[in-house]
Amino acid sequence: MVSFALNGVGVSGGIAIGRAQLVSHATLEVAHYTLPASKVDAEILRFSNAIKEVQKELEGLHAAMTGGDVPGEFGAFLDVHWMILTDPTLSEAPKKLILEQRCNAEWALTQQLGILVEQFNEIEDAYLRERKADIVQVGERVLKRLMGKPGALPAPVAEEQTILVAHDLSPADVIQFKQHHYGAFLTDVGGVTSHTAIVARSLNVPAVVATHNARALIRDSEMLIVDGDAGVVIVNPDRAVLSEYRLKQTELGLERQKLKRLRTKPAETLDGVHVELHANIELPDDLAQTLENGATGVGLFRSEFLFLNRDSLPSEDEQFEAYRTVAEGMEGKPVVIRTFDLGADKHVESLDGLMRVAPNPALGLRAVRFCLAEPRMFLTQLRAILRASHYGCVRILVPMLASAGEIDQTLTMIAHAKEALRDQDVPFDPNIEVGGMIEIPAAVIAMDALVSRLDFLSIGTNDLIQYTLAVDRADEAVAHLYNPLHPAVVRLIGQAIATADKAKKPIAVCGEMAGEVSLTRLLLGLGLRHFSMHPAELLTVKQRVLTSDAAASKVIADRIRRADSPERISLLVDKLNAM
């Protein structure tokens, strides 16, 4: 067998060695034939049945997500696919083509998909334009049913590690990682913020995307080495290369075991600066991993995931039980609950009557804007959070603030919720702290008005970068422009930390930057003392904190804030990490 290497983008670190397992997707190049008039009705029924079968398939995937080991973001992805599947432009238009042209269902579907993709290509808005990928993925799923091909991912076929190889993986595909334990996966397309990348990092699975032609070049059962750190895939490695990577894999395993020894060690820099390392969670089931990795608190409980993948809204009692479980489980350590950040990429079926399809969801009615627009829902959640505050150190975090007026309205709502609980003699913490998320450049610029009204702040770097650079990080065409080391981003983060420090208000970073170990010293140098990240990243970041000098980091961070290009900043960050 010929040995060769493929280069791509490493989106999840680690090394995996195993056998390839190819995922076959239905091709959009299908046969075209004319039906006798007597068989047209039967063909329309065959198409309708395929739609229904895919609906059942998606329902099954929803049901499979009841456990806590699946990242909650995928519920939103499934909801998008459900909407596309039930839209008349996909579910009804092909029937008309079958009737008018007397063509087979496969051909009618591909013709309609072609029309839809062309329409999306002409949309100026980048966010909406890129939704064509979801349309194609849903169409292929129906096409598989029509062609008699299975829609689910195959289970691993051997006792040794199995590496999944695909052109692309839809959100519905990657959810199935819950049932199967793959050693790694690689795709032809995708980027650092693609669905595939998100699930890889959440499950600690090595992954390489954007290999361009891996699916075409690799054959089933071929031996593969996936190096998620270097973004390299080696096909049919020789004995020497295989031995080298097995040694690297063993060393990585030993390093991970060593990290576990740091679990109970306080996070303190070489020059004695204490740092708080908290965890981001989505559901109460994430608590076990949070405690296992030594988090000193929950810095971000994304409460909106309690609202996803269900037909009805969670009741006050249901929300209260979830919040109380986490509060009690953290045994007095702080638990920051973000009020629901619905809208944008998080679609909730039970809110279809309330949430419209926005032209640009990222800039529409979402987060605190939606909360204030739906006071009954908001009050229900606030009551549940307040009730849970009686059982632990609970704090409220308000997302996507842009003005002091939004804070004032939110504080009024919290006061109403407190008054209602007092009237019912329901216990709660009357001094519960309220914080705000800094995710919009306007919030940084006008931050003086925010800090005077809030007890603490948290920087959501994911959205802050997106809004500052006008880059949709999920859009592959511009994803390379999404850069946390852009001078504007670094200066905004530095300004936010400095403003909070001046007001003597604690501030954290809870976006992906907090878990990027290569940026730990930069954030320390900018003055950050509270980090919140995915539980799997806690020990790696703690190790970096323990080997850092905060004062020395500040000297270089000050130079970084004055730098005028991402390239210059990147060089200075490398220098910082080499200290």
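These numbers were taken from a predicted model, which means no experiment stands behind them.
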Item to check | Residue pair R491 / R561: nearest heavy atoms and the distance that separates them | outcome: NE-O, 3.0 Å
Checklist entry - Taking atom types as modelled, is there a side-chain donor on D188 or H167 under 3.5 Å from an acceptor on the other? => result yes
Next on the checklist: Nearest 0.5 Å, please: how far is OH in Y482 from OG1 in T468?
Outcome noted: 9.5 Å
Next on the checklist: Looking at K505, I'd like to know if its NZ atom is crowded, meaning that more than 12 non-hydrogen atoms belonging to other residues, nucleotides or ligands lie closer than 6.0 Å.
Outcome noted: yes
Checklist entry - Do I17 and Y245 come close enough that some side-chain heavy atom pair is under 4.5 Å? => result yes
Checklist entry - How far does CG of L481 sit from CG of L469, to the nearest 0.5 angstrom? => result 8.0 Å
Checklist entry - Quick one: do the Q112 and T89 side chains pair a donor with an acceptor below 3.5 Å? => result no
Next on the checklist: Do L457 and P506 have side chains that approach each other closer than 4.5 Å (heavy atoms only, starting at C-beta)?
Outcome noted: no
Checklist entry - Does I337 reach the side chain of R395, with side-chain heavy atoms less than 4.5 Å apart? => result no
Checklist entry - Which pair of heavy atoms, one from R544 and one from V517, lies closest together, and at what distance? => result NH1-O, 3.4 Å
Checklist entry - Side chains of L397 and S458: closer than 4.5 Å at any heavy-atom pair? => result yes
Checklist entry - Taking C-beta and beyond as the side chain, do L109 and V142 meet within less than 4.5 Å on heavy atoms? => result yes
Item to check | Minimal non-hydrogen separation, A295 against L538, with atom names | outcome: CB-CD1, 3.6 Å
Item to check | side-chain contact (heavy atoms from CB on, under 4.5 Å) between R568 and R559, intermediate numbers included | outcome: CA-CA 10 Å; R568 175 61 178 160; R559 294 173 59 190; 3.2 Å; yes
Next on the checklist: Are L217 and L6 packed together at the side-chain level, in the sense that at least one heavy-atom pair is separated by less than 4.5 angstrom?
Outcome noted: yes
Checklist entry - How long is the gap from CG on L526 to CD on Q495, to the nearest 0.5 Å? => result 12.0 Å
Next on the checklist: Please give me the minimum heavy-atom distance between L450 and A404, naming the atom from each residue.
Outcome noted: CD2-N, 4.0 Å
Checklist entry - Yes or no on side-chain contact (heavy atoms from CB on, under 4.5 Å) for D448 and T499, after CA distance, side-chain angles and deciding distance? => result CA-CA 7 Å; D448 287 339; T499 303; 3.4 Å; yes
Checklist entry - Which heavy atom in A496 sits nearest to a heavy atom in M447, and how many Å separate them? => result O-CE, 3.1 Å
Item to check | Exercise: identify the closest heavy-atom pair between V368 and M400 | outcome: CG1-O, 3.7 Å
Checklist entry - Quick one: are M533 and L277 in side-chain contact, heavy atoms under 4.5 Å? => result yes
Next on the checklist: Evaluate D463 against I440 for side-chain contact (heavy atoms from CB on, under 4.5 Å), listing each step before the verdict.
Outcome noted: CA-CA 7 Å; D463 273 341; I440 303 172; over 6 Å; no
Next on the checklist: Between S548 and R521, do the side chains contain a donor N or O and an acceptor N or O under 3.5 Å apart?
Outcome noted: yes
Item to check | Euclidean distance, R369 CZ relative to E374 CD, rounded to 0.5 Å | outcome: 15.5 Å
Item to check | Nearest-0.5 Å distance, CD1 of residue I281 to OG of residue S303 | outcome: 10.5 Å
Checklist entry - How far apart are the C-alpha atoms of I556 and L522, what are their side-chain angles, what is the distance that settles it, and do they pass the side-chain contact (heavy atoms from CB on, under 4.5 Å) test? => result CA-CA 8 Å; I556 296 182; L522 169 60; over 6 Å; no
Checklist entry - Just by distance, do the side chain of D229 and the backbone of G14 share a donor-acceptor pair under 3.5 Å? => result yes
Checklist entry - Between K554 and D558, does at least one N-O distance fall below 4.0 Å, as a salt bridge requires? => result yes
Next on the checklist: Could you tell me if the side chain of L372 sits less than 4.5 Å from the side chain of T410, heavy atoms only?
Outcome noted: yes
Item to check | Rounded distance (nearest 0.5 Å) linking atom NZ of K542 with atom OG1 of T520 | outcome: 13.0 Å
